[in-house]
Visitor: 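Below is one structure. I have some questions about it.
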Amino acid sequence: MLAHYYDMNLKDRFEELFGGLYIGSHPTPERNSYLILELNFAAIHADLDNYQEAMDKYCKNSFYFFCKKYEPYLPEQTVEQLEQLPTAVDKLNYVCDLCQSLGLKIYLFIDEYDHFTNKILSDPSHLDKYRKETHGEGYIRKFYDVIKDGTNKAIERLFITGVSPVTMDDLTSGFNIGSNYSLDENFNELTGFTEEEVRRMLEYYSSVEPYRHSVDELLEVMKPYYDNYCFAAGCYGETTMYNSNMVFYFLDKYKRSGFRIPDNMLDSNIRFDYEKIRMFIRKDKEFAHDASVIQRLVQQGYITGEIKEHFPADRIADPDNFVSLLYYFGMITFAGTHRGNTRFVIPNEVVREQIFAYLLSNYHDNQLCYDEYELREKEEMMAYDGDCRPFFAYIAERLHTFASQRDRQKGEAFVHGFTLALTSRCKFYRPVSELDNQGGYADIFLLPLLENYRDMCHSYIIELKYARSADSDERIAQLLEQAKAQVDRYAASDIVRTSVKTTTLHKVVVIYRSVDMVVCEEV
């Protein structure tokens, strides 16, 4: 949108593109007055060993098309002179000097400026190569130094987008020529859709197509999966944002399936590549310090920390930096404060599913694996026969058989995390952990997905208690009585009574002593 608004080549199409819009009837003085130079570093496919070669090749094409696009404004032989220059750094310098001499202004757009940072996220052994390229006389650093110098020549405006906040801190000696709008309250609603926008969209489509569901019914289905993003701490509590890609995915699937609710609410094309973070934060093959941040997030439902606007790559594993990285990758979002610190939660069920997939991959690497066919039979028994004991007995058998000594030392977090991760992959339910309601917190509420499985009969509240290996039978009995009282209170809450709908609600207490399940009892 910015490129079309400012491109001098599109001056004659301004009314076509922006007529009828606020920006069209309130144009700014500089509209259609720039040469637009667009770079997308996601198109550079290279390792850090040969990044310069790949970057030069990509930029050669980009600068060629830039000069051809604006050929009427540039001297003859510009393309030929440009092609004689060997590197992207030389070409950018040449373009900046040439446009400055002609009094032309450049608007430079860089998308995925941090693309090469993925190399160090996926494999920390690349960190030394990364430092070589981004510090001192490194080639990537030289390129960004020329950009910074170009702002004193022809680069009048610069718009840079990416995901991780690590690169600018490394790339220049002080990239103090721009403003970071990532956390700006004025832009909280820039990315994604508000619920009102989704509602208006649904109202329109349902008026021209044979929808089987009302707008409210569709919002009820979509909200827990796609909503709840907040991009500025100061805007928490005012409005939340839906993931726009997922909204369009849902509407497309809904229409193509004959206006039925999709079985799969997650578009596989936007699955978070958790391998990049998983490989970086693992020390040998065990959960380490930073992975415990994710375990704590899953266990208690939130984490606290402070968002950093930028940090160097070699400090990416610092606690606040790691929390920031989770935020920038969309795995957590602002959720108020807790004891004076910023509070973060998993935004929705799409992200929760990806986090559980991350956890299961780590458990599997540590030999704590499971058989999907065996679990599928036990899941069907839960949904249709009202018997959850085989399912939880299977989880207990996995824990008892394969838990290492280090796993046992993690205690409740390990047991709760593995139990929740396995329940998360059950297709009949949406597991809600630490369900906040009038009565307190339920460990796991297995909310029935009746919109997909209308004939299923049973739903569950699971109260999971944990005792240490040295705790007595009397302690187990105390925990059982506490759990019974708690699960009765949770079951009486409005949210549970509303969510179970036509299913029979089962109240179940599960108690572990270390990694051994000693109670699995329906109340």
Side-chain angles (χ1 to χ4, degrees), residues 1-42 62-75 78 92 95-113 144 146-162 168 175-201 203-204 229 231-232 234-235 238-239 241-245 247-248 309:
M1 188 276 291
L2 288 172
H4 281 70
Y5 183 82
Y6 284 105
D7 193 341
M8 60 198 311
N9 272 355
L10 297 177
K11 186 174 183 179
D12 294 339
R13 295 184 59 197
F14 185 80
E15 182 61 28
E16 173 195 343
L17 295 170
F18 298 103
L21 303 176
Y22 179 90
I23 196 172
S25 57
H26 298 78
T28 57
E30 294 189 345
R31 58 105 164 172
N32 299 123
S33 61
Y34 287 86
L35 280 65
I36 305 299
L37 176 57
E38 297 182 80
L39 302 175
N40 181 0
F41 288 160
S62 297
F63 287 119
Y64 171 80
F65 287 114
F66 171 81
C67 291
K68 293 296 289 185
K69 180 180 179 181
Y70 298 106
E71 196 168 26
Y73 306 98
L74 302 176
T78 295
L92 180 58
V95 167
C96 289
D97 288 340
L98 177 63
C99 289
Q100 182 186 29
S101 68
L102 297 171
L104 297 172
K105 299 183 298 183
I106 295 174
Y107 201 139
L108 173 60
F109 293 91
I110 301 178
D111 192 17
E112 300 216 33
Y113 78 94
Y144 278 92
V146 172
I147 292 176
K148 186 175 180 180
D149 182 60
T151 61
N152 296 316
K153 299 175 181 177
I155 299 178
E156 190 76 12
R157 288 176 178 261
L158 174 65
F159 190 75
I160 301 177
T161 58
M168 281 302 173
F175 203 80
N176 54 0
I177 59 173
S179 298
N180 188 339
Y181 293 114
S182 302
L183 306 174
D184 193 304
E185 295 179 13
N186 293 302
F187 297 97
N188 180 56
E189 297 179 24
L190 180 68
T191 303
F193 297 143
T194 65
E195 184 160 313
E196 180 56 31
E197 289 169 338
V198 178
R199 178 178 291 278
R200 292 205 309 268
M201 190 186 309
E203 287 173 348
Y204 167 74
Y229 290 97
F231 300 114
C235 294
E238 297 177 7
T239 187
M241 304 302 294
Y242 281 72
N243 182 314
S244 51
N245 280 344
V247 168
F248 286 131
E309 289 194 0

Visitor: So does K68 pair up with E71, basic N to acidic O under 4.0 Å?
Guide: yes

Visitor: Under 6.0 Å from the CZ atom of F159, do we count more than 12 heavy atoms belonging to anything else shown?
Guide: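 Atom CZ in F159 is not packed in, count stays at 12 or less.
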
Visitor: For N245 and N243, which heavy atoms make the closest approach, and how far apart are they?
Guide: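 Shortest heavy-atom contact: N-OD1, 3.0 Å.
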
Visitor: Might you work through the side-chain contact (heavy atoms from CB on, under 4.5 Å) test for F18 and R31, ending with a clear yes or no?
Guide: CA-CA 11 Å; F18 298 103; R31 58 105 164 172; over 6 Å; no

Visitor: Roughly how far apart are E30 CD and K105 NZ, rounded to 0.5 Å?
Guide: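 Between E30 CD and K105 NZ, I get 4.0 Å after rounding to 0.5 Å.
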
Visitor: Side chains of E195 and Y242: is there a donor and an acceptor less than 3.5 Å apart?
Guide: yes

Visitor: Where do G150 and C96 come nearest, in terms of heavy atoms and distance?
Guide: CA-SG, 4.0 Å

Visitor: Hey, mind stepping through I110 and Y144 against side-chain contact (heavy atoms from CB on, under 4.5 Å) and telling me if it holds?
Guide: CA-CA 11 Å; I110 301 178; Y144 278 92; 4.3 Å; yes

Visitor: Do side-chain atoms of N32 reach the backbone of F14 as a donor and acceptor pair under 3.5 angstrom?
Guide: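 Not confirmed, N32 side chain does not pair with F14 backbone.
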
Visitor: In terms of heavy-atom contacts, does CG of D12 have more than 12 from other residues, nucleotides or ligands at under 6.0 Å?
Guide: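 No.
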
Visitor: Taking I36's backbone N and O only, do any of them form a donor-acceptor pair with Y70's side chain (distance below 3.5 Å, no angle check)?
Guide: yes

Visitor: Within a reach of under 6.0 Å around OH of Y181, are more than 12 heavy atoms found that belong to other residues, nucleotides or ligands?
Guide: no

Visitor: To check you understand the geometry: which heavy-atom pair defines the closest contact between T191 and M241, and what is its length?
Guide: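 For T191 and M241, the tightest heavy-atom pair comes out as O-CE, 3.6 Å.
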
Visitor: Any donor-acceptor pair under 3.5 Å linking the side-chain atoms of N9 with those of D7?
Guide: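 No.
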
Visitor: Do you know the tightest heavy-atom contact between A232 and N188?
Guide: N-OD1, 3.3 Å

Visitor: Hydrogens and angles aside, do Y5 and T28 bring a side-chain donor and acceptor to less than 3.5 Å of each other?
Guide: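 Present: a donor and an acceptor within the cut-off.
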
Visitor: So, for V95 and F63, which heavy atoms are closest and what is the spacing to 0.1 Å?
Guide: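 That closest heavy-atom pairing would be CG2-CD2, 4.0 Å.
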
Visitor: Are more than 12 heavy atoms, taken from residues, nucleotides or ligands other than Y204, located less than 6.0 Å from that residue's OH atom?
Guide: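 Counting other residues, nucleotides and ligands, OH of Y204 stays at 12 neighbours or fewer.
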
Visitor: Report yes if the side chains of M201 and F248 come closer than 4.5 Å at any heavy-atom pair, otherwise no.
Guide: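 In short, these two side chains touch, coming nearer than 4.5 Å.
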
Visitor: Would you mind reporting whether F66 and L35 have side-chain heavy atoms less than 4.5 Å apart?
Guide: yes

Visitor: Go through the steps to decide whether E196 and R200 satisfy the test side-chain contact (heavy atoms from CB on, under 4.5 Å), and finish with yes or no.
Guide: CA-CA 6 Å; E196 180 56 31; R200 292 205 309 268; 3.5 Å; yes

